[in-house]
Amino acid sequence: YGPMTAYGPDCIGCIGITTSGQNVLNGKIFYNDEEYGNIRILAADRSLPFGTIVRIKGLKKYPNGVIAIVLDRGSAIGFNKRSYFDLLYESEKDTLTFGCQYAQFDILRLGF
């Protein structure tokens, strides 16, 4: 359980390519995982390897929860930082109402 934020590929300092190499421009906020299907992309602490699957519960906009995959990092994202996870949206403008929310996180798979 902890803080979560959101970001867009057009945020200040973002280039539209995740740290893992995924192009997330033009609305590409989902990743098609063999096991979990079409799931959201998120940034996470470096202790969680790319491909880690996280179930997120308790977000206002997603009452049924979100399944997401770690494919990015962020300078303010980490277990000893401002936010534990950062959920990718299509644009930074779309994140303005997200703010910082507290949610429950369950690791379903550690890495690819």
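Judged by distance alone, with hydrogens and angles left aside, the side-chain atoms of Q104 form no donor-acceptor pair with the main-chain N or O of I56 at under 3.5 Å. S20 contributes no side-chain N or O that, together with a main-chain N or O of D72, makes up a donor-acceptor pair within less than 3.5 Å. At least one donor-acceptor pair under 3.5 Å links the side chain of E92 to the backbone N or O of G8.
Under the 4.5 Å side-chain criterion, counting only non-hydrogen atoms from C-beta, P3 is in contact with C100. With contacts defined as side-chain heavy-atom distances shorter than 4.5 Å, the pair L42/I69 does not qualify. P9 places a side-chain heavy atom less than 4.5 Å from the side chain of L88. L110 is listed as a side-chain neighbour of P49, based on a closest heavy-atom distance under 4.5 Å. At a threshold of 4.5 Å between non-hydrogen side-chain atoms, the residues F98 and K60 do not count as touching. R109 is listed as a side-chain neighbour of E35, based on a closest heavy-atom distance under 4.5 Å. The closest side-chain heavy-atom distance from L108 to V54 is not below 4.5 Å.
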Going through the checks in order, is the side-chain contact (heavy atoms from CB on, under 4.5 Å) test met by F30 and R40? CA-CA 4 Å; F30 291 92; R40 293 291 289 272; 3.4 Å; yes
side-chain hydrogen bond (donor to acceptor under 3.5 Å, both in side chains) for D10 and S91? Distances and angles first, verdict last. CA-CA 6 Å; D10 57 341; S91 75; 4.7 Å; no
Please lay out, stage by stage, how M4 and D86 fare under the test side-chain contact (heavy atoms from CB on, under 4.5 Å). CA-CA 6 Å; M4 178 172 192; D86 210 9; over 6 Å; no
Test side-chain contact (heavy atoms from CB on, under 4.5 Å) applied to D45 and Y84, step by step: CA-CA 7 Å; D45 188 83; Y84 290 175; over 6 Å; no
Show the numbers, then the answer: is there a side-chain contact (heavy atoms from CB on, under 4.5 Å) between T18 and V24? CA-CA 7 Å; T18 66; V24 292; 3.6 Å; yes
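By the criterion of side-chain heavy atoms lying less than 4.5 angstrom apart, applied directly or through intervening Ile, Leu, Val, Met, Phe, Trp or Tyr residues, I17 is not grouped with L87; the two fall into different hydrophobic clusters. In this structure, Y7 is not a member of the same hydrophobic cluster as L96, with clusters built from ILVMFWY side-chain heavy atoms closer than 4.5 Å. Cluster membership check: F112 shares its hydrophobic cluster with I39, using side-chain heavy-atom separations under 4.5 Å among Ile, Leu, Val, Met, Phe, Trp and Tyr.
N64 CG to L59 CG: the interatomic distance, rounded to the nearest 0.5 Å, is 11.5 Å. To the nearest 0.5 Å, the span separating OG1 on T52 from CG on L71 amounts to 9.5 Å. A distance of 13.5 Å separates CD in Q22 from CD1 in I29, rounded to the nearest 0.5 Å.
Counted by atom type alone, Y31 and N38 present zero donor-acceptor pairs between their side chains at under 3.5 Å.
R55 forms no cation-pi arrangement with F105, by the criterion of a distance under 6.0 Å to the ring centre and an angle within 45° of the ring axis. Cation-pi geometry between R73 and F50 is met: the NZ or CZ atom falls under 6.0 Å from the ring centre, inside 45° of the normal.
The aromatic rings of F85 and F79 sit perpendicular, their planes meeting at an angle over 60°, well past the 30° parallel limit.
Shown here is Y62, whose OH atom has more than 12 heavy atoms of other residues, nucleotides or ligands within 6.0 Å.
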